[in-house]
Every structure is written in structure tokens, then in C-alpha cells.
S.K.: 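One structure, as C-alpha cells, below. Some questions next.
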Amino acid sequence: MERQAGGRHVFPFTPGTRLRHQESVDIFAPATPDQVVTVAEQRRAIFAFHGLRDPGGLPDTGREPA
């Protein structure tokens, strides 16, 4: 995360290799529908990233974001 940008920009990386990309991404920039996932999908990704088993909690409704 870039501190000088007030925490708005992060450096994405490839999860399998953790190779960091040089370009930063504004986390509050508008996103297209194909770039958005459900909260449940985000939760699964975070647990998988940290190598943890998801104890459950949030059902995946399958709804499209508003």
C-alpha cells in the first residue's frame, strides 16, 4: 500500500508467485461488473490467501452486485 497516497493505492500481485506488479491500483476507482465479486467470494479468497480453512459464516447468495 502506498502511504503517500493516503492508503488509496495498492500494488497487485500474482497469488501463486506473489510477484508484485509495478503499477499501483486505486482501490476506490470505479469497477466494471466483471471485476466485482460477492462478499462470500472475497471471504473465501482471503482465507485461501492466508492458507486458512474458512469456518463458514457468510452464505453465497449468488446475487449480482447493485
Side-chain angles (χ1 to χ4, degrees):
M1 185 178 307
E2 290 186 281
R3 291 175 194 239
Q4 297 169 344
R8 283 188 62 119
H9 290 83
V10 297
F11 292 100
F13 66 93
T14 305
T17 64
R18 296 201 176 193
L19 176 66
R20 189 181 95 167
H21 302 278
Q22 294 301 314
E23 262 185 57
S24 65
V25 175
D26 181 351
I27 61 173
F28 294 113
T32 61
D34 65 315
Q35 295 174 309
V36 178
V37 298
T38 66
V39 172
E41 288 172 299
Q42 293 176 42
R43 179 186 173 94
R44 282 193 297 275
I46 290 296
F47 275 89
F49 173 79
H50 291 289
L52 301 170
R53 185 182 72 76
D54 185 353
L58 295 176
D60 191 349
T61 64
R63 292 186 313 157
E64 291 294 319

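Along the sequence shown, residues carry numbers from 1. As the structure is a computational prediction, the values presented were derived from the model and not from experiment.
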S.K.: Return the CZ to CD distance between Phe47 and Gln42, rounded to the nearest 0.5 Å.
M.R.: 13.0 Å

S.K.: If you round to the nearest 0.5 Å, how far is NE2 of His9 from CG of Asp26?
M.R.: 4.0 Å

S.K.: For the residue pair Thr38 and Glu41, what are the closest heavy atoms and their distance?
M.R.: N-OE1, 2.7 Å

S.K.: Show the nearest heavy-atom pair for residues Ser24 and Pro12, with the distance to one decimal.
M.R.: CA-CD, 4.5 Å

S.K.: Which heavy atom of Thr32 sits nearest a heavy atom of Val36, and at what distance?
M.R.: O-CG2, 3.5 Å

S.K.: Do other residues, nucleotides or ligands put more than 12 heavy atoms under 6.0 Å from Gln35 CD?
M.R.: yes

